[in-house]
**Student:** 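My questions will all concern the structure given below.
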Amino acid sequence: MFHFDEKKHFFIFVGWVGYGVPDWQEVQYVNDTSIEYYGLWTYCQQVAPYYNTNCQRWSNAGNRIYHDTTPNFVKTSQGLVTTGMILLTLGFILAMITIKLGTLAFVTGTLALLSFLFLVIGIPIFGQQADKLANLQGAMHYSKRYGFWFMIPTMVLEFLGSILFLLTGIFHQKSTSH
């Protein structure tokens, strides 16, 4: 039977940190002394010369910066990544129960696979569209920050976890049917 691995809950923690921080995309424009960065929930500006940071929730920042609205790719990614992270957490809770009740392995594997699908759709949407927006707005420099990159190992581990739990379900089913 599958044994719980400490690495999985470390990556869930890393995933939730990445999910909540405003450090997904950094943008700097020509002749602008500020650096802008944002994530799923917050938009920040660091203004030179002292690089004081001013952060606002997207509901406020979008109204002032992006033509009275939060960019659509941010809204789409918020929904997809939130759903993926909730499913990931539910799968993690079920994984702990599955250690004792192998019959839940298929449910856990299915939740993990669904979580992976939401993450694998939402994260690239954010990544590609954030770069596209920065390019359209004439950014001199733009790049991904640590919050975005924290989501990648979380997503990969979730995929591997889904396969392992589905295999565990198959082996459990075969062992109890004989």
**Student:** CD1/I125 to CG/N72 distance, rounded to the nearest 0.5 angstrom?
**Tutor:**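 Here the rounded value is 11.0 Å.
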**Student:** Measuring from W149:CH2 to T154:OG1, what's the distance to the nearest 0.5 Å?
**Tutor:** 13.0 Å
**Student:** Quick one: side chains of residues 113-121, donor-acceptor pairs under 3.5 Å with protein atoms, not counting sequence neighbours, listed by atom name and distance.
**Tutor:**
unit_1 : atom_1 : unit_2 : atom_2 : d
S115   : OG     : G84    : O      : 2.7
S115   : OG     : L88    : N      : 3.4

**Student:** Do you know the tightest heavy-atom contact between M151 and G15?
**Tutor:** SD-O, 3.2 Å
**Student:** I need the minimum non-hydrogen distance between G39 and V74, along with the two atoms involved.
**Tutor:**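 In terms of heavy atoms, the two residues are closest at O-CG1, 4.3 Å.
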**Student:** Can you measure from CH2 (W41) to SG (C55) and round to the nearest 0.5 angstrom?
**Tutor:** 16.0 Å
**Student:** Evaluate whether atom CZ of F171 has more than 12 neighbouring non-hydrogen atoms of other residues, nucleotides or ligands under 6.0 angstrom away.
**Tutor:**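 Counting neighbours around CZ of F171, 12 or fewer heavy atoms of other residues, nucleotides or ligands fall under 6.0 Å, so no.
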**Student:** Atom CZ in R145, atom CD1 in I35: separation rounded to 0.5 Å?
**Tutor:**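 Those atoms lie 7.5 Å apart.
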**Student:** Sequence neighbours left out, what pairs pass side chain to side chain donor-acceptor pair (under 3.5 Å) with at least one residue falling in residues 76-85?
**Tutor:**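 Matches after skipping sequence neighbours: Y19-T82.
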**Student:** For a ring pair (Phe, Tyr, Trp, His ring centres under 6.0 Å) with W58, tell me which candidate from W24, Y38, F73 qualifies.
**Tutor:** Y38
**Student:** Could you walk me through whether E26 and H141 pass the side chain to side chain contact (heavy atoms under 4.5 Å, CB included) check?
**Tutor:** CA-CA 8 Å; E26 178 180 300; H141 165 79; 3.4 Å; yes
**Student:** State, to 0.1 Å, how close V27 and A139 come at their nearest heavy-atom pair, and which atoms those are.
**Tutor:**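 So the minimum-distance heavy-atom pair works out to CG1-CB, 3.6 Å.
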**Student:** Provide the full list of side chain to side chain donor-acceptor pair (under 3.5 Å) pairs with a residue in residues 119-130, sequence neighbours left out, each pair given once.
**Tutor:**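 Non-adjacent pairs meeting side chain to side chain donor-acceptor pair (under 3.5 Å): zero.
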**Student:** Quick check: is Y37 connected to Y142 through a chain of hydrophobic side chains (ILVMFWY, heavy atoms under 4.5 Å apart)?
**Tutor:** no
**Student:** Just to verify, what does D131 make a side-chain hydrogen bond (donor to acceptor under 3.5 Å, both in side chains) with, not counting sequence neighbours?
**Tutor:** Q25, K144
**Student:** State the CD1-CG distance between I123 and L40, to the nearest 0.5 angstrom.
**Tutor:** 8.5 Å
**Student:** Holding to side-chain hydrogen bond (donor to acceptor under 3.5 Å, both in side chains), I want the full list of residues that pass it with K132, two or more places apart in sequence or in another chain.
**Tutor:** none
**Student:** Taking atom CZ of F165 and atom CD of E158, what is their separation to the nearest 0.5 Å?
**Tutor:** 9.0 Å
**Student:** Here's a test for you: under side-chain contact (heavy atoms from CB on, under 4.5 Å), which of N52, N54, T53 qualifies with Q46?
**Tutor:**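 Exactly one option meets the side-chain contact (heavy atoms from CB on, under 4.5 Å) with Q46, and it is T53.
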**Student:** Determine which pairs satisfy side chain to side chain donor-acceptor pair (under 3.5 Å) with at least one residue from residues 84-96, sequence neighbours left out, and list them in order.
**Tutor:**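 Residue pairs passing side chain to side chain donor-acceptor pair (under 3.5 Å), neighbours aside: W16-T89.
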**Student:** Looking at every non-hydrogen atom in both residues, tell me the closest pair between A112 and G161 and how far apart they are.
**Tutor:**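 Looking at all heavy atoms of both residues, the closest pair is CB-C, 4.4 Å.
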**Student:** Do F106 and L166 have side chains that approach each other closer than 4.5 Å (heavy atoms only, starting at C-beta)?
**Tutor:** yes
**Student:** In a check of side-chain contact (heavy atoms from CB on, under 4.5 Å) between L111 and each of I86, I93, L90, which one passes?
**Tutor:** L90
